[in-house]
Amino acid sequence: MQHHAYSRLGSFGGGAGAAPSPPSSPRRAWGRRPSAKGGAGAGKAAGGGGAARRAARAVLAALLRRQAVFLFAPLLYVAAMLLYMGSISLDGVPRIISRPAPGSLYRSPQLYARLRPEMDADNATDALATVWRHAYKGGVWQPCISNNTYGLPEPNGYIYVEANGGLNQQRTSICNAVAVAGFLNATLVIPNFHYHSIWRDPSKFSDIYDQDHFVQRLKNDVRVVDKVPGFIMERFSNNLSNVYNFKIKAWSPIQYYKDVVLPKLIEERLIRISPFANRLSVDAPPAVQRLRCLANFEALKFSKPITALSDTLISRMREKSVENNGKYVAVHLRFEEDMVAFSCCVFDGGDEEKKELDEARERGWRGKFTRPGRVIRPGAIRMNGKCPLTPLEVGLMLRGMGFSNKTSIYLASGRIYKAEKNMAPLLEMFPLLQTKETLASDEELAPFKNFSSRMAAIDYSVCVHSEVFVTTQGGNFPHFLLGHRRYLYGGHSKTIKPDKRRLAILFDSPRIGWKSLKRQLLNMRSHSDAKGIQMKRANESVYTFPSPDCMCHPNKSERPKPIQAR
């Protein structure tokens, strides 16, 4: 059977007695010669196709043996494209134009000129009557700084601090000094105000604050004296420079004072801490926060001359706001030359403005802005909301928020940069605008005029009692005011704090209409209303957010426990 099988396979293969062949490889089958069964015509056609395939295989084999040829293929392609492009006219090809990013340019004057007719025609609404809608559920917060009815133990020594900076930075130092002194059971010497080359105010504590009230209000919690007793000073040859001075890191925790400062205080009986601004962390135990609240909201009252003039200006503002039931808007405007220069923003003054502000930067901060590697990008600064709002932009914002041109405005500010030019648009939008200089006579202002901190204290007082406070730039002044207003008005700051990043984009919109601008600014005003009742969170200052540390709803704050001498 096996012999016959092999015989059949052999006869099919074409030769008797030939061995059986394996199946043809599919890879090579296409190149085999065609069978003669196809006839002469078929043989010629197959022969022509076979020649072409053999030629292609020969070229491919040559390229494979010389693979480096493929490296030149991209270069040949690029060269061909360049030759092709060179033969085409580029007149019809659109050019790529680089446009500044939205919000990077100061175009508010152009926007004001374009929208002014519609703005003047839209003067029916009055935001003063409806500006504040949000309130706490279940009632409002109330001040509840409990009084200490227990006597104070023997103190561990005396603490002398130097308060540096402007009015409200000094205020931070005073309140923190009260908290530290109470926590360490020390006697606080009335803080000394460090004279600064920028503020140039030689005022003493009693020139700005009511010192007698300060001592009296704190007497059950912290001992306060006007000066260090003579028998203590004799130990240091009556020279404060011989007293041990702590150089404390900024935002140090209260535990640091207990662990490091207290032992030295007990040993020396008198220590100095200079400088003292921001030398105590924002977060602290309730007893320490209570002392901060007590100092800031209860013990620190402005001196009688400042209070008397401030009360007069408040009364005059209310008289001028009779159409709005005595309500007025206070605006803190930071557009003095030093602020404009420090911001490094570009406005619309061209080469003259650049020269003036470069000189101002060099006078105030020699070398800070010109050191090697310092890159200043005014457009990015504006887009990030870091540029101070101009008087024109403040007016546009307030009119867009619904305040009519019959609204009385109190402007708290220093000397405005190029005031005649920059204040003109704001006065066009709000002709009832007042400042301390327009409300008070020269004789009334004379005792305060050359003292920046006293002038700032007058502005602070008038702003505290306004129906609406508008902050246009960060800093200690608005932060303290927000907290003070929350303390006075049931936890609501009644403050408009605009989104300056959003404003930069809105004021740089060449096609925006008045109705669209007003709609977005009304939303911004509503957002400020909602944020006004915000309570203190972690890492936020009790001076800005007094509840719940200084205010009750309904729980009371706890009383501090003085540290006993060991």
Side-chain angles (χ1 to χ4, degrees), residues 97-116 118-119 127 329 331-350 353-354 357 361 369 375-403 411 413 416-418 421-426 428-430 468-475 477-479 495-531:
I97 301 174
S98 176
R99 291 186 174 88
S104 63
L105 296 180
Y106 178 67
R107 292 174 175 163
S108 301
Q110 294 90 323
L111 181 68
Y112 173 57
R114 183 167 59 82
L115 298 183
R116 187 177 176 187
E118 290 183 78
M119 181 195 306
V329 176
V331 178
H332 182 227
L333 180 61
R334 294 304 313 273
F335 204 70
E336 303 90 348
E337 184 181 67
D338 61 337
M339 175 58 70
V340 176
F342 188 83
S343 72
C344 295
C345 297
V346 173
F347 296 91
D348 59 346
E353 177 188 281
K354 183 179 185 306
L357 297 182
R361 279 188 282 269
F369 297 95
V375 178
I376 298 174
R377 297 184 177 89
I381 296 172
R382 183 170 296 281
M383 290 168 61
N384 286 329
K386 301 299 183 182
C387 288
L389 292 181
T390 65
L392 183 150
E393 290 174 322
V394 171
L396 268 176
M397 179 185 73
L398 291 178
R399 289 299 300 272
M401 289 182 174
F403 295 95
L411 193 68
S413 176
I416 299 296
Y417 175 61
K418 292 189 174 181
K421 171 190 172 185
N422 289 317
M423 285 297 296
L426 180 57
E428 289 172 353
M429 288 181 270
F430 292 98
V468 178
F469 174 61
V470 182
T471 172
T472 64
Q473 190 77 1
F477 187 96
H479 289 164
T495 297
I496 292 175
K497 189 176 181 182
D499 181 350
K500 292 175 64 180
R501 292 183 180 181
R502 184 65 185 152
L503 283 181
I505 295 174
L506 291 175
F507 292 158
D508 190 25
S509 302
R511 294 183 179 84
I512 195 169
W514 172 246
K515 290 182 179 179
S516 177
L517 177 65
K518 185 174 181 179
R519 182 174 62 253
Q520 298 197 53
L521 290 174
L522 285 172
N523 289 336
M524 195 178 294
R525 189 193 87 183
S526 177
H527 182 70
S528 290
D529 183 16
K531 295 282 285 185

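Only this structure's heavy atoms are used, side chains among them; waters, hydrogens and symmetry mates stay out.
Between Asp348 and Pro109 the shortest heavy-atom distance is OD2-CG, 3.8 Å. When all heavy atoms of Leu521 and Gly400 are compared, the closest pair comes out as CD1-CA, 3.6 Å. In terms of heavy atoms, Ser509 sits closest to Leu111 at O-CD1, 3.9 Å. In this structure, Pro100 and Leu105 approach most closely via the heavy-atom pair CG-CD1, 3.6 Å. Looking at every heavy atom in both residues, Phe335 comes nearest to Pro391 through CD2-CD, 3.9 Å.
Listed by chain and number, the residues in a ring-ring contact (aromatic ring centres under 6.0 Å, His included) with Tyr112 amount to none (sequence neighbours excluded).
Put simply, CZ on Arg399 and CG on Leu426 are 11.0 Å apart, with the number rounded to the nearest 0.5 Å. Within the model, atoms CE of Met524 and NE2 of His527 stand 9.0 Å from one another, a figure rounded to the nearest 0.5 Å. Leu396 CG to Thr390 OG1: the interatomic distance, rounded to the nearest 0.5 Å, is 8.0 Å. Separation of atoms CG (Leu398) and CZ (Arg525) is listed at 10.5 Å; rounding is to 0.5 Å. Summarising the geometry, atom CD belonging to Gln473 is positioned 8.5 Å from atom NZ belonging to Lys386; distances are rounded to the nearest 0.5 Å. One finds the CG atom of Asn523 at 10.0 Å from the CE atom of Met401 (value rounded to the nearest 0.5 Å).
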Please list, one pair per line, the donor and acceptor atoms closer than 3.5 Å that link side chains of residues 510-517 to other protein atoms, with sequence neighbours excluded.
{"unit_1": "Trp514", "atom_1": "NE1", "unit_2": "Asp122", "atom_2": "OD2", "d": "3.0"}

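A heavy-atom distance below 4.5 Å is found between the side chains of Val470 and Met397. Contact of the Val468 side chain with the Thr495 side chain is not registered, since no non-hydrogen atoms from C-beta on lie closer than 4.5 Å. Side-chain contact check for Leu333 versus Val394: some heavy-atom pair is nearer than 4.5 Å. Two residues are said to be in side-chain contact when any heavy atoms from C-beta on lie closer than 4.5 Å; Thr472 and Pro388 fail this criterion. Side-chain contact between Phe347 and Arg382 is present, with heavy atoms from C-beta onward closer than 4.5 Å. Between Met119 and Met429 the shortest side-chain heavy-atom distance falls below 4.5 Å. In this structure, Arg377 and Cys344 have side chains that are not in contact, with every pair of non-hydrogen atoms separated by 4.5 Å or more. With contacts defined as side-chain heavy-atom distances shorter than 4.5 Å, the pair Met339/Tyr417 does not qualify.
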Go through the steps for Leu411 and His332 under the test side chain to side chain contact (heavy atoms under 4.5 Å, CB included), then give the verdict.
CA-CA 6 Å; Leu411 193 68; His332 182 227; over 6 Å; no

Does the pair Arg116 and Glu428 meet the rule for a salt bridge (charged side-chain N to carboxylate O under 4.0 Å, His left out), with working shown?
CA-CA 10 Å; Arg116 187 177 176 187; Glu428 289 172 353; 3.4 Å; yes

Walk me through it: do Ile496 and Asp529 pass the test side chain to side chain contact (heavy atoms under 4.5 Å, CB included)?
CA-CA 7 Å; Ile496 292 175; Asp529 183 16; over 6 Å; no

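In this structure, the ring of Phe369 has its center less than 6.0 angstrom from the ring center of Phe342.
Using a 4.0 Å cut-off between a side-chain N of Lys or Arg and a carboxylate O of Asp or Glu, Arg334 and Glu336 qualify as a salt bridge.
Sequence neighbours left out, the pairs with a member in residues 497-508 that pass salt bridge (Lys or Arg N to Asp or Glu O under 4.0 Å) are Arg107-Asp508.
Among the candidates Leu503, Leu506, Leu392, the single residue satisfying the side chain to side chain contact (heavy atoms under 4.5 Å, CB included) test with Ser108 is Leu392.
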